[in-house]
Participant: 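Before I ask anything, let me first share the structure, which is written out below as structure tokens.
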Amino acid sequence: MPDFSPEDRMDRALAWADANQEEHLLTQREQARSVGVHEKTLYRWIAGRSVSFTPEEQARIDTAKEVTTRRTSLMIKRIAALTALIPAMLSTTVGVASAHSTPHATQAVVTLTYDASNAGQWAGPIKQAVQNWNDAVHNVHLVPTSTPGSADYVYEATSGWPQATLGPIFPGGNGDVQLGQQAVDEGYDQTRIVAHETGHILGLPDHYSGSCSELMSGHGPGTSCTNAKPDAAEAAQVDTNYAEGVAAVHPHHHQVVIDIWSGRAPTGSH
Ligand SMILES: [Zn+2]
């Protein structure tokens, strides 16, 4: 990168400020190109390092910065809104078009590996529940691990109530899904149980008062509900959870959600 003189820095910073006084639709990259600099260099200039501006010049630069900040936050909001919207739109059309043509968004898909080697008789339901999630979401993909012991989350058969780590779990994580026999004894569908608990791994909380079309309503709709597919809103929320790919900053909390899959359990006690 050329070593510009302080005068040159000032000229280009002022040119940027002038070009940016109005809210026209130039991206920051285009603005940088318009004054012949790299984007990072532009910001160093704007910061005025080793350059002194007159109060009038500084005012022009400050105004331009405000415009850029306002436009950037608007752009981020628009992108966030689109990210939430696209999966919902896709999930309504995919079913009609083809069950196998799952479109992918442009950002990198997060791949989560799971270990089901200690899940016993839950193998079939796990396979189906995982497929249901993979068919419904685009930003995260679940695959069986090839190296047990280093999976991002595990499924295991237990004798108690089902429970799961509340995600979203990311690669390198250590999520845990306990597939509790008690829920099966109560008459609940195994595939729905797995799909619900997997929803927790993907960052969805419980919503017991929801209808059978939701996975996260869990035991709420009763044992007759065997739906094991997320609805459009649940799929969209998961896609939002993974919208930033593996580069997202993840909080290091570790919360476990225990599900009492029982019609007899008093409402609100879990
Ligand atoms: Zn739950």
Side-chain angles (χ1 to χ4, degrees), residues 87 91 112 114-116 118-137 139-140 142 151-170 173-242 250-270:
S91 66
L112 287 186
Y114 65 87
D115 177 4
N118 291 311
Q121 87 281 13
W122 293 83
I126 290 171
K127 199 175 173 194
Q128 184 60 56
V130 163
Q131 188 184 320
N132 290 353
W133 271 113
N134 283 341
D135 286 347
V137 298
N139 294 344
V140 60
L142 310 176
D152 303 318
Y153 73 97
V154 301
Y155 290 110
E156 54 184 334
T158 69
S159 58
W161 292 110
Q163 65 180 61
T165 312
L166 181 59
I169 297 294
F170 282 88
N174 60 340
D176 177 49
V177 175
Q178 297 189 12
L179 299 168
Q181 182 61 31
Q182 262 183 283
V184 181
D185 294 344
E186 290 283 330
Y188 289 94
D189 181 75
Q190 279 185 289
T191 308
R192 178 169 167 82
I193 293 169
V194 180
H196 171 97
E197 301 302 329
T198 305
H200 288 314
I201 289 289
L202 300 174
L204 299 183
D206 284 313
H207 184 225
Y208 295 135
S209 61
S211 67
C212 179
S213 62
E214 294 175 35
L215 274 184
M216 302 320 289
S217 53
H219 72 270
T223 54
S224 64
C225 175
T226 59
N227 170 47
K229 294 180 180 177
D231 73 4
E234 290 173 326
Q237 182 58 54
V238 166
D239 274 324
T240 300
N241 292 349
Y242 290 90
H250 323 127
H252 283 277
H253 62 81
H254 191 86
Q255 189 185 336
V256 174
V257 184
I258 300 173
D259 284 304
I260 314 292
W261 290 71
S262 166
R264 295 195 302 271
T267 309
S269 71
H270 38 73

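Remember, it's 1-based here, ligands and their atoms both numbered in the order they're listed. Just so you know, these numbers come straight off a predicted model, no measurement behind them.
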Participant: Using a 4.5 Å cut-off on heavy atoms from C-beta on, say whether the side chain of His219 contacts that of Asp259.
Facilitator: no
Participant: Just by modelled atom types, is the Thr191 backbone N or O under 3.5 Å from a matching donor or acceptor in the Asp189 side chain?
Facilitator: yes
Participant: Specify the closest pair of heavy atoms between Leu142 and Tyr114, including all atoms of both residues, with the distance to one decimal.
Facilitator: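 Looks like C-CE2, 4.2 Å.
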Participant: Return all protein N, O or S atoms below 2.8 Å from the Zn ion (ligand 1), chain by chain in residue order.
Facilitator: His196 NE2, His200 NE2, Asp206 OD1, Asp259 OD1, Asp259 OD2
Participant: Identify all side-chain donor-acceptor contacts of residues 119-127 below 3.5 Å with residues at least two apart in sequence or on another chain.
Facilitator:
{"unit_1": "Gln121", "atom_1": "NE2", "unit_2": "Gln181", "atom_2": "OE1", "d": "3.1"}

Participant: Between His196 (side chain only) and Leu215 (backbone N and O only), is there a donor and an acceptor less than 3.5 Å apart?
Facilitator: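 It does hold such a pair.
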Participant: Are Thr226 and Arg192 packed together at the side-chain level, in the sense that at least one heavy-atom pair is separated by less than 4.5 angstrom?
Facilitator: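 No; the side chains remain at least 4.5 Å from each other.
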